[in-house]
Student: 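So that we are looking at the same thing, I have put the structure below in structure tokens.
Computed from a predicted structure; not experimentally measured. Order of appearance sets the numbers: ligands from 1, and atoms from 1 within every ligand.
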Amino acid sequence: MGDGQMLRVVVLEDESDQAERMSSWIVNAGHHCEVFATIGAFKDAFRKAPVDVIALDWGLQDGTGLEVLKWLRRDASCDVPVIFVTAREAEEDIVTALEAGADDYLVKPVREKEVLARLKALARRAQPESELLEFEPYIFDTGNRQVRYQGQPVRLTEKEYELALFMFRNRGRVLSRQQLLSNVWGTSAELNTRTVDTHASRLRKKLQLSSSGRWKLTSIYQHGYRLDEYVSH
Ligand code: CA
């Protein structure tokens with residue numbers, strides 16, 4: 001991750017002053033920030049957009065940040081880095097949070113440059129090593145999340161890229177729409193299986209996954225999709 005990389009940060013904080021201060025620091029540094037005041041709102045919005053770092057307050061109106069952390073790690077299988085930003089400074093609280101899977105812990109009052117540096121460090125640590133995956137004639141570059149077709153970059157949206165990567169990684173297997181939804185979009189009530197169909201049909205065009213090519217994306221009636229490779233002999 002380069003230094004100029006934009007981070008997508010989610011802040012769960014119920015004190016509006018503190019939330020606004022954090023948010024303006026993050027936004028002014030060129031990052032994206034979404035603030036939630038309650039656990040309910042946070043959970044509702046969760047997974048609609050990809051996130052690089054989550055900052056959690058401890059005491060919230062409808063529960064604790066610790067519960068949110070446990071929910072993230074256990075129920076949502078989410079391994080996005082989490083930093084606590086809280087007034088609780090007892091050693092046992094800090095240890096409890098870290099043992100529950102928090103990646104960092106800051107005691108209020110927090111300072112602008114330190115918050116930004118810690119958010120960046122967390123995101124950088126979580127960044128997976130980039131690799132090149134070759135499915136001839138396609139190359140997936142997981143570092144810049146790009147697909148090249150015969151050496152030329154193909155313009156894909158974020159979800160189209162993820163869907164394509166998931167399908168290529170699972171080539172030859174029948175994948176249900178539900179499976180694709182949960183792996184690419186995460187579980188969200190607002191999405192339906194039509195989303196998968198729209199994206200699949202765009203991928204078919206953009207990556208030329210039609211009968212004439214080496215790779216073919218087949219619809220499996222009332223079920224989902226299968227991506228197959230045809231090698232001519
Ligand atoms: Ca609070």
Student: What orientation do Trp185 and His199 show, parallel under 30°, tilted 30 to 60°, or perpendicular over 60°?
Tutor: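 Trp185 vs His199 ring planes: perpendicular.
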
Student: Less than 4.0 Å between a side-chain N and a carboxylate O, is that true for Glu229 and Arg171?
Tutor: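 No, this pair does not count.
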
Student: Please report, to 0.1 Å, the donor-acceptor pairs under 3.5 Å made by any side chain of residues 99-112, with sequence neighbours excluded.
Tutor:
residue	atom	partner	partner atom	Å
Asp103	OD2	Arg73	NH2	2.9
Asp103	OD2	Val82	N	2.8
Asp104	OD1	Arg118	NH1	3.0
Asp104	OD2	Arg118	NH1	3.2
Tyr105	OH	Arg88	O	2.8
Lys108	NZ	Glu13	OE1	3.0
Lys108	NZ	Asp57	OD1	3.3
Arg111	NH2	Glu114	OE1	3.0

Student: With a cut-off of 3.0 Å, which protein N/O/S atoms are close to the Ca ion (ligand 1), if we only count those under it?
Tutor: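 Protein N, O or S atoms closer than 3.0 Å to the Ca ion (ligand 1): Asp14 OD1, Asp57 OD2, Gly59 O.
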
Student: Are the ring centres of Tyr149 and Trp215 closer than 6.0 Å?
Tutor: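 So the answer is no for these two rings.
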
Student: Assess whether a salt bridge exists between Glu162 and Lys159, defined as any Lys/Arg side-chain N lying under 4.0 Å from an Asp/Glu carboxylate O.
Tutor: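 Salt bridge between Glu162 and Lys159, a charged N being under 4.0 Å from a carboxylate O: yes.
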
Student: Hey, what's the ring geometry for Phe135 with Phe168, parallel, tilted or perpendicular (30° and 60° as the breaks)?
Tutor: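 Judged by the thresholds at 30° and 60°, the geometry between Phe135 and Phe168 is tilted.
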
